[in-house]
Amino acid sequence: MMKKMSISTSKTSLVLFLCQIISALDVPLDSKLLEELSQPPTITQQSPKDYIVDPRENIVIQCEAKGKPPPSFSWTRNGTHFDIDKDAQVTMKPNSGTLVINIMNGGKAEAYEGVYQCTARNERGAAISNNIVIRPSRSPLWTKEKLEPNHVREGDSLVLHCRPPVGLPPPIIFWMDNAFQRLPQSERVSQGLNGDLYFSNVQPEDTREDYICYARFNHTQTIQQKQPISVKVFSMDSLNDTIAANLSDTDIYGAKPVTERQPVLLTPTGSTSTKVELRGNVLLLECIAAGLPTPVIRWIKEGGELPANRTFFENFKKTLKIIDVSEADSGNYKCIARNALGSVHHVISVTVKAAPYWITAPRNLVLSPGEDGTLICRANGNPKPSISWLANGVPIAIAPEDPSRKVDGDTIIFSHVQERSSAVYQCNASNEYGYLLANAFVNVLAEPPRILTPANKLYQVIADSPALLDCAYFGSPKPEIEWFKGVKGSILRGNEYVFHDNGTLEIPVAQKNNAGTYTCVARNELGKIQNEVQLEIKDPTMIIKQPEYKVIQRYGQVSFECIIKHDSTLLPTVTWLKDNDELPDDERFLVGKDNLTIMNVTDKDDGTYTCIVNTTLDSVSASAVLTVVAAPPTPAIIYARPNPPFDLELTGQLERSIDLSWIPGDENNSPITSFVIEFEDALHEPGVWRYQTEVPGSQTTAQLKLSPYVNYSFRVIAVNRIGRSQPSEPSEQYLTKSASPDENPANVQGIGSEPDNLVITWEPLKGFQSNGPGLQYKVSWRQKDVDDEWTSVIVANVSKYIVSGTPTFVPYEVKVQALNDLGYAPEPSEVIGHSGEDLPMVAPGNVQVHVINSTLAKVHWDPVPLKSVRGHLQGYKIYYWKVQSLSRRSRRHIEKKILTFRGNKTFGMLPGLEPYSSYKLNVRVVNGKGEGPASPDKVFKTPEGVPSSPSFLKITNPTLDSLTLEWGSPTHPNGVLTSYTLKFQPINNTHELGPLVEIRIPANESSLILKNLNYSTRYKFYFNAQTSVGSGSQITEEAVTIMDEAGILRPAVGAGKGYSEILFATSPVMHTVRPTFYKVQPLYPRIRNVTTAAAETYANISWEYEGPDHANFYVEYGVAGSKEDWKKEIVNGSRSFFVLKGLTPGTAYKVRVGAEGLSGFRSSEDVFETGPAMASRQVDIATQGWFIGLMCAVALLILILLIVCFIRRNKGGKYPVKEKEDAHADPEIQPMKEDDGTFGEYSDAEDHKPLKKGSRTPSDRTVKKEDSDDSLVDYGEGVNGQFNEDGSFIGQYSGKKEKEPAEGNESSEAPSPVNAMNSFV
């Protein structure tokens, strides 16, 4: 059923414009036709808008036009009619509108100044020219003026003004001397755009009396000269002599010497200026500066780059030139003048305006009566130009009315035109910077068809080439073109022919049977005409024996063959070339009918020789290389690829087979093993060669299977052990007869794209599979499991058909069958498809959430009915989001997360939940179209979990026996905090850990003071928080009690960040260091809280044990991720810590702790990583005593220094090392491993830095050996000294750079026996 459509007024222009494209006529450029057709006037030539004339010569104002009938001409001057008959000095050229004003016989050019406009008119309309402004050129003389000499001091700036007379057009300015030589210019001296001569600084050589400015007026070919200008430069020496001669001794005299000056702009003045330039013009910006030394000019564009390829610098970079400017070039341009003393700049604000320019100029329109069309006139500019229309030179508002015409701004719309609608329309686009005027005619013609191609024209083409038969035509309305073969033949149709819009008939692959007479018929409603042309098909020209590669001895004779085969009606010409140039003019070169012979060969004959065969229709060529050798070549067998086969011949033509025979080419000393046969289908895939078959090398014939409706040609390739030959020349073509298709399309599918359709797609048959013309497809479908008949439709050679109005997502049986003009392919197989999907209708029901733990929940739901899915069920999606944290009661931005579960699942796991939080979720079913509605939101809560580690742990206010601890609550409490646990233990000098003490702290506390600690002792602290679920991860820290209460207050110890000056307030709650804990015997033995503190090659393992006393522990460890067996270490005694040694730096290890004799239970595994490898710190031999003694023997000064030091020691004075030790109240003492000189075993687990500690030496200057075996005396055995941070003796400090402060708390150190041993080197 047809629907009634209405077109709004706003769309009328577009519709009519499309009509114009479809129906507007193109008039062929045929001179005879153009002479016969009526045509409105068209201006073909006119003088420029601004026409400056030479007042001494006749004035010629051009106006030429064409039209049918020939137009007449008239002129206006200054807006009124110009009657040329009344002025004897004015004549108009015959058959032209060009005016000639006779000035040379008494006329004055000034009398004819004004604005002229030409009108060309005939019975179909009037065209007008631009407004032509006539102005005679002027070259006035220079005004007389008295020029005073210029006296200038050396180094000052100077400007010589030219001030040329105002001429029309403006003159060209240049400076010369009396000898008519141009004055040299440079960065220091140059001419400005206004013609003035600028000196940035004058020099004595600038003194002269003939600075002359010249003005050249090109129109009148005259040059005007200004009076010479004199410049005298006084140097400082001569000026001082003059002053001395004229002043008394009491006067102040003496000119200042030449002083350098920073730049000052001579032009332009001020800091800013503006400039307006028109689009398309050349922008010239100028900056000239004074200064000494001579300033250098640089240009930049603020906020952008100077346009590439359009920017040029002139006048020693003082002038910036940008060609073809556009609105994008607007902006601020800054010139910077700089010398050694400073710089100055000037900003020029450039605005680019635009005179009108065309976007779409109106074009002539040729229409038939009753047709529609449009004239479009679109222009742009800055400011935006206004558009006005004229009809036949009269403003359209007052022009005679035309009912077929409607003006819509920049468009004139024509509808149902008649012959009286013919006219010339003018479009005027103007703004304040200029105007554009364009003529465009509307020519309404009613003409019967005409065929412009000559009758009985003969076309000759080579077989297998395209044939183009012309039928140039004209008519109004536009005629329809039909082609026939023969006088009484049927109309030509089908894939064999291509019909071009200009009437040309193309036969893509012309065969012998295409020859004959073709008739072109053109008809419209006013008549019919026909024309016959002849087509002849010629055999292609071939070179059947090509020239071959030759190696010839010098002074021998060589011959190249070139045997050809050609059409008997064509006359071939054979040309020989050497290296793509003519043969040398030498009698040794003999050109025969089929060969080229070279006598008495010389070295210069070496090269490539080409045989070219030309006919009037085609051309072929073949080349061969000639190599000239000095001596007979050594007999050698040359192996090469075979030459291509030739003389291919087709015989035994049948519908599905044909016989192909050929002659093998030269095998080139390697037997031919096989022949590869390829075919080309010139009808469907011209230029594409495909594999046909392969036969043994002993065969020269083959029977080939063929497909119907294929235009075959064959070629043969020979193969030997070396490789494949070039393909042979193609055989003649053979077009097999058509047949019904043998096969149906593959990959048939039925998939809906919308809820109410079924899209049936398939892979179309290839061209040679069609078996005949008119390939189409029969598409059939019916709803599955419903007793319906098949619905079928026949479609063109496409790959898709859309069935509309189907139910949503139901199965269909689909099949596609190929057919052509000769019949159907075999019955196709059926496939199952589905119509389009729609969004699911029902949400999953009975959504249940089972919280497994604090971070994991399991969601169950009932599946939706499959009918409500309305598509392929892809799965279910769970949307879940955190509503709030139950511990903080603070809401945050809701970020929904989505988990997708594929298939018809009814449950899913939600991992990664946050403990002690409230969540919501819903479930949706998903099909291929999208998601269905959401189930009602389900609220669930996660239980408490263990907290994260405390946000920080700070240790402040160290004293002799106390430390203050401050901490922050965990960032993620994951529940309600119940308490904190603090564990700590001392660390001795051997990096072994002492007994572990544990303290429980209420959850509302944030600080703690530990008292009754040992002085000058390092402690390690472990701190974590607990909820009702358990303990969270711990944070560790270390600190040292101070040595002496008299010492200054030590700063806080941060987490690996050195000292901090910040002091923290503490809680009044205080705990002693050794509180009493009553342990409850556990129901079963267990090992928990395994912690590691790893260094570079060792790790300290500690754990907590609950169970029977006197358990024998062991530690098992191995490389993390490795399948190697665990390594086992036995722990001595019942200690709850152990040091693993000999580890590999930078390696991740796994560790667990077990107990012997207790059913073999073990702890859970822990993973740690050792620190990166560090270079071993070795003792530098340059600091040893024997090396210093050696240097004393070499350097007397060092020897004296050592003697003085020894004397000072005997007198009780301080050795330089001792002074440094006294200045640093408590230098740190680092233990060293005896085996490799590196730091000791214990290191912080987080930063892997060696521990630093204070001295354990008491104030009575004795060394006390304590039970913990951490005395420095033990470290001194066998070493006789202490070590500083880099492993060198402290006694060597006098020659070392002072070390940075240690990270721990330092303590003052009293002399000890160990220190006394180190006091002398």
*asked:* List the residues meeting side chain to side chain donor-acceptor pair (under 3.5 Å) with His161, not counting sequence neighbours, and say none if there are none.
replied: Asp196
*Please list, chain by chain and in numerical order, all residues satisfying side chain to side chain donor-acceptor pair (under 3.5 Å) with Glu305, sequence neighbours excluded.*
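By the side chain to side chain donor-acceptor pair (under 3.5 Å) rule, Glu305 matches no residue at all.
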_Worked check of side-chain contact (heavy atoms from CB on, under 4.5 Å) between Leu320 and Leu306_ = CA-CA 10 Å; Leu320 171 66; Leu306 295 175; 4.3 Å; yes
*Kindly indicate, with the supporting measurements, whether the criterion side-chain contact (heavy atoms from CB on, under 4.5 Å) is fulfilled by Ile59 and Tyr116.*
CA-CA 12 Å; Ile59 302 174; Tyr116 293 78; over 6 Å; no
_For Arg135, is there an ion pair with Asp50 - N to carboxylate O distance below 4.0 angstrom?_
yes
*Among residues two or more places apart or on two chains, list those pairs meeting side-chain hydrogen bond (donor to acceptor under 3.5 Å, both in side chains) that have a residue in residues 164-184.*
Asp177-Arg208
*Determine which pairs satisfy side-chain hydrogen bond (donor to acceptor under 3.5 Å, both in side chains) with at least one residue from residues 163-174, sequence neighbours left out, and list them in order.*
none
Tell me, please, which residues at least two apart from [X] pass salt bridge (charged side-chain N to carboxylate O under 4.0 Å, His left out).
X: Glu57; value: none
X: Glu314; value: Lys321
X: Glu187; value: none

_Crowding at CD, Gln227 (>12 non-hydrogen neighbours, <6.0 Å)_ =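 Count over threshold, so yes.
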*asked:* Take a 6.0 Å sphere around NZ of Lys384 and say whether it holds more than 12 heavy atoms from other residues, nucleotides or ligands.
replied: yes
*Checking side-chain contact (heavy atoms from CB on, under 4.5 Å) against Leu160, which of Ile212, Leu183, Asn150 comes through?*
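Result: among Ile212, Leu183, Asn150, Asn150 is the only option passing the side-chain contact (heavy atoms from CB on, under 4.5 Å) with Leu160.
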Do any N or O atoms from the side chain of [X] and from the backbone of [Y] form a donor-acceptor pair under 3.5 angstrom?
X: Asn201; Y: Ala290; value: no
X: Ser137; Y: Ile52; value: no
X: Ser129; Y: Cys118; value: yes
X: Asn431; Y: Ala354; value: yes
X: Asn339; Y: Pro293; value: yes
X: Glu286; Y: Leu193; value: yes
X: Tyr51; Y: Val60; value: yes
X: Ser200; Y: Ala289; value: yes
X: Trp299; Y: Tyr333; value: no
X: Asn131; Y: Val115; value: no

*asked:* Can you list everything that forms a ring-ring contact (aromatic ring centres under 6.0 Å, His included) with Phe174? Sequence neighbours excluded, please.
replied: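 Residues passing ring-ring contact (aromatic ring centres under 6.0 Å, His included) with Phe174: Tyr214.
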Find the distance between [atom1] ([X]) and [atom2] ([Y]) and round it off to the nearest 0.5 Å.
X: Phe312; Y: Leu284; atom1: CZ; atom2: CG; result: 12.0 Å
X: Cys377; Y: Leu436; atom1: SG; atom2: CG; result: 8.0 Å
X: Thr272; Y: Asn332; atom1: OG1; atom2: CG; result: 9.0 Å
X: Lys108; Y: Glu113; atom1: NZ; atom2: CD; result: 13.0 Å
X: Glu154; Y: Gln203; atom1: CD; atom2: CD; result: 5.5 Å
X: Asn194; Y: Ile173; atom1: CG; atom2: CD1; result: 9.5 Å

Under 4.5 Å between any side-chain heavy atoms of [X] and [Y], yes or no?
X: Thr351; Y: Thr274; result: no
X: Lys301; Y: Thr311; result: no
X: Phe199; Y: Asp156; result: no
X: Arg298; Y: Ile300; result: yes
X: Phe234; Y: His151; result: yes
X: Ile132; Y: Ile134; result: yes
X: Phe316; Y: Gln185; result: yes
X: Tyr433; Y: Arg279; result: no

Could you report the tightest heavy-atom contact between [X] and [Y], atom names first, then the distance?
X: Gln62; Y: Ser47; value: N-OG, 2.8 Å
X: Phe217; Y: Gln224; value: CE1-CG, 3.5 Å
X: Ile103; Y: Pro55; value: CG2-O, 3.3 Å
X: Val352; Y: Ser330; value: N-OG, 2.9 Å
X: Val276; Y: Lys353; value: CG1-CG, 3.7 Å
X: Ile387; Y: Cys427; value: CG2-SG, 3.9 Å

*Please report the C-alpha distance between Arg77 and Leu99 in whole Å, then the side-chain angles of each, then the deciding distance to 0.1 Å, and finally whether the side-chain contact (heavy atoms from CB on, under 4.5 Å) criterion is met.*
CA-CA 12 Å; Arg77 177 183 173 189; Leu99 295 182; over 6 Å; no
*Please walk me through it: do Asp329 and Val350 pass side-chain contact (heavy atoms from CB on, under 4.5 Å)?*
CA-CA 8 Å; Asp329 295 320; Val350 175; over 6 Å; no
*asked:* With disulfide bond (SG atoms under 2.5 Å apart) as the rule and sequence neighbours excluded, what pairs involving residues 263-332 come up?
replied: Cys287-Cys335
*Determine which pairs satisfy disulfide bond (SG atoms under 2.5 Å apart) with at least one residue from residues 162-197, sequence neighbours left out, and list them in order.*
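Qualifying pairs, neighbours excluded: Cys162-Cys213.
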*Using the salt bridge (charged side-chain N to carboxylate O under 4.0 Å, His left out) rule, collect all pairs that involve residues 216-233, keeping only residues at least two apart or in two chains.*
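Pairs touching residues 216-233 that pass the test: Glu145-Lys226.
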Side chains of residues 261-268: which donor-acceptor pairs under 3.5 Å do they make with residues two or more places apart or in other chains?
| unit_1 | atom_1 | unit_2 | atom_2 | d |
| --- | --- | --- | --- | --- |
| Arg261 | NH2 | Gly155 | O | 2.2 |

*Could you walk me through whether Arg310 and Asp324 pass the salt bridge (Lys or Arg N to Asp or Glu O under 4.0 Å) check?*
CA-CA 7 Å; Arg310 296 190 293 113; Asp324 192 22; 5.7 Å; no
